[in-house]
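Working notes for the structure below.
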Amino acid sequence: MECAIMGKFCPLILSSPRILMVEKRNVLGIRDRFKFCSSKFKIQALEAETHLSSQVGAERRGSSTDVGIGELVWPSPSDEIPFWEKDFPSWGVSPEVPADINKDSDRMHIIHVTAEMAPIAKVGGLGDVVTGLARACLSRGHTVEIMLPFYECIQKQQIKDLALITTYESYQDGNWVLTNAYRGEVSGIPVVFIEPSNHFFKGQFVYGGSYNELEAYLFFSRACLEWMQVTATQPDIIHVHEWQAGALPLLYWDMYHYLSLKKPRIVLTIHNMEHYGECSQEQLSKSGLDGSIYATIDKAIDDRTIGHNPERLSLLKGGIVYSNAVVTVSPTYLKETLCTGWLASTLLRNRDKYFGVLNGIDTAMWNPATDSFLPVKFNAQKPEGKKLCKYYVQRGLGLALEGTLDGNHLPDIACKVPLVVCITRLVPQKGLHLISHAIKRVEELGGQMVILGKASDVRVEREFEGLAKLHNQGPSTRILLMFSEELSHMLYAAADMVLVPSMYEPCGLSQMIGMRYGAVPVVRMTGGLADTVFDMDDQSNHDRANGFVFEGIDEGSLNWALDRAFAHYRDKADEWNGIIRKVMEVDNSWNNTAGKYVEIYNSVRVRL
Ligand code: ADP
């Protein structure tokens, strides 16, 4: 069924672009010609060949009709509302916490203190991990809550039963700031939202507001403890995440433990060692602690600044020293962090309480069989819907198609043009030079590539805007510079391969999510990528083989992996279908690893 709507264009890279449709005839095999412009730059005279690629090979008719496409409306780049911004039946997240999990006999009360939570305040993997781990522990029978800043950008309609529960005061820089605590439910998890009456956490985004971020998170850390104190809430475990909550263990042991909080023990998870919460003594003092007493090597001083004027503190280091247990997000990253980086000496000194626990993914939230963002659902046993997801995304983005639409029938899809996706924050860690090189290489190899990425640095954003301008006009590459949860789900479902060429990667969720959606990972062997992806051509590890791995940080190394992945895809089609099934069946769920966190919680908790 053809249903392209003439009118304004959907944004390829921008959130509110103006697009002009010049001409579009939606008959396959006929050249679509359209032009669009935006507030940031123009893409002129786009001529997208949407006729069948010459490489598609023999057509196969009569595709299965049991994939449940129902009244599927095929999208088009000319749709007024981009296909990933239409209304979806729900946020795609089952609020039901899986109940069919064995319950732990010894139940605990765990409170997470975090700067991110998926999907309401997600920037990267931190948000996914907090939500996934919380849901896994809830389903094991524990009492779990999340404490989150009440960012102005949070969409309140995504919170169930939101209600003001406490108005109290928390300390900041000589003043007591009136603060509201709200309670609500997100994805089945009880959440306490902390809303100070000052300017903290205001703005359009989770990070990058016009307030001092360090001071805001220092405030938040104390405000969480203050809330526990005024409400007499004494969990077994306060699980803090990243530098943003790194001061909480200091505040707990040197202040609130001397006041009323006796029972909690603190677990810190470090998701990324690159961000260490650089802080001056004066800034730390704004939390009510005496910043000067933490400026020692065995407390929170940033070792690299010793003897400098001024010396600096690190909230992350302080968090490591003062927490009862410290976890990082994969065994390989744990080893890497003990050998490299300035925090290695601190971690070595605290080795007996430092653990590597591989992240999981929430397989209820990331489930191609039920995902409400997908046009067609599929699973490992019935993967046919994946082809339709690919076709849907290709059509929606104006990429060259590999199939024909015949009236109301399903498209015949040839599958000779691999679609590679890369969904990432655009930061140096992620291997920016390799991501931009991949665009070229995938094009040379006759594949297609979609990058969904958000840059926080203006120079990186400009560089990728330049690439978008260069490539988005063609039939094989789309570079979409934005954050879209909905589109990310559709891209994982559409992808034949998911690329993660990181310079370092503490764990990486993208490769795990990709696998869950039948996209074969092509990754650099580092951190958690090395723990989850095993090379197809490594004969010694055939059972676990599930992707294509390279080691070097140069373009040649990436070429080697991409070339092999493309050769497998094209020359061994039957085997490839087997690989899809295999990667979809890999169990990277939290069920596998949440138990390790529970063991750690149990090892530090106290029974008063
Ligand atoms: P990191 O935590 O370093 O960002 P991970 O691979 O651990 O990397 O997690 C990234 C998470 O963020 C994944 O869920 C991925 O799908 C999502 N993500 C990254 N960039 C985007 C984007 N531009 N739009 C939507 N989701 C994104």
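The model shown is predicted, which means the values in this text are computed figures rather than measured ones.
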Under the ring pair (Phe, Tyr, Trp, His ring centres under 6.0 Å) rule, collect the residues that match up with [X], sequence neighbours excluded.
{"X": "Trp590", "result": "none"}
{"X": "Tyr392", "result": "Phe83"}
{"X": "His568", "result": "Phe548"}
{"X": "His271", "result": "His241"}

(request) Run the ring-centre check on Trp84 versus His489 and record whether the distance is less than 6.0 Å. (result)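 Judged by ring-centre distance (under 6.0 Å), Trp84 and His489 do not meet the cut-off.
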(request) Determine which pairs satisfy ring pair (Phe, Tyr, Trp, His ring centres under 6.0 Å) with at least one residue from residues 461-487, sequence neighbours left out, and list them in order. (result)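 Residue pairs passing ring pair (Phe, Tyr, Trp, His ring centres under 6.0 Å), neighbours aside: none found.
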(request) Classify the angle between the aromatic ring planes of Tyr391 and Trp74 as parallel (below 30°), tilted (30 to 60°) or perpendicular (above 60°). (result)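 It falls in the perpendicular class, over 60°.
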Do we see a donor-acceptor contact under 3.5 Å between the side chains of [X] and [Y]?
{"X": "Tyr333", "Y": "Glu505", "result": "no"}
{"X": "Ser476", "Y": "Gln448", "result": "no"}
{"X": "Ser589", "Y": "Asn592", "result": "no"}
{"X": "Tyr492", "Y": "Ser510", "result": "yes"}
{"X": "Tyr504", "Y": "Asn272", "result": "yes"}
{"X": "Thr332", "Y": "Ser330", "result": "no"}

(request) Identify whether NZ of Lys or CZ of Arg in Lys416 sits under 6.0 Å from the centre of the six-membered ring of Tyr569 and within 45° of that ring's axis. (result)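 The answer is no, since Lys416 fails at least one limit relative to Tyr569.
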(request) State the CD1-CD1 distance between Ile189 and Ile146, to the nearest 0.5 angstrom. (result)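 Atom-to-atom, Ile189:CD1 and Ile146:CD1 are 4.0 Å apart.
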(message) Under the rule for salt bridge (Lys or Arg N to Asp or Glu O under 4.0 Å), what residues qualify as partners of Glu444, not counting sequence neighbours?
(response)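 Result, salt bridge (Lys or Arg N to Asp or Glu O under 4.0 Å) vs Glu444: Arg441.
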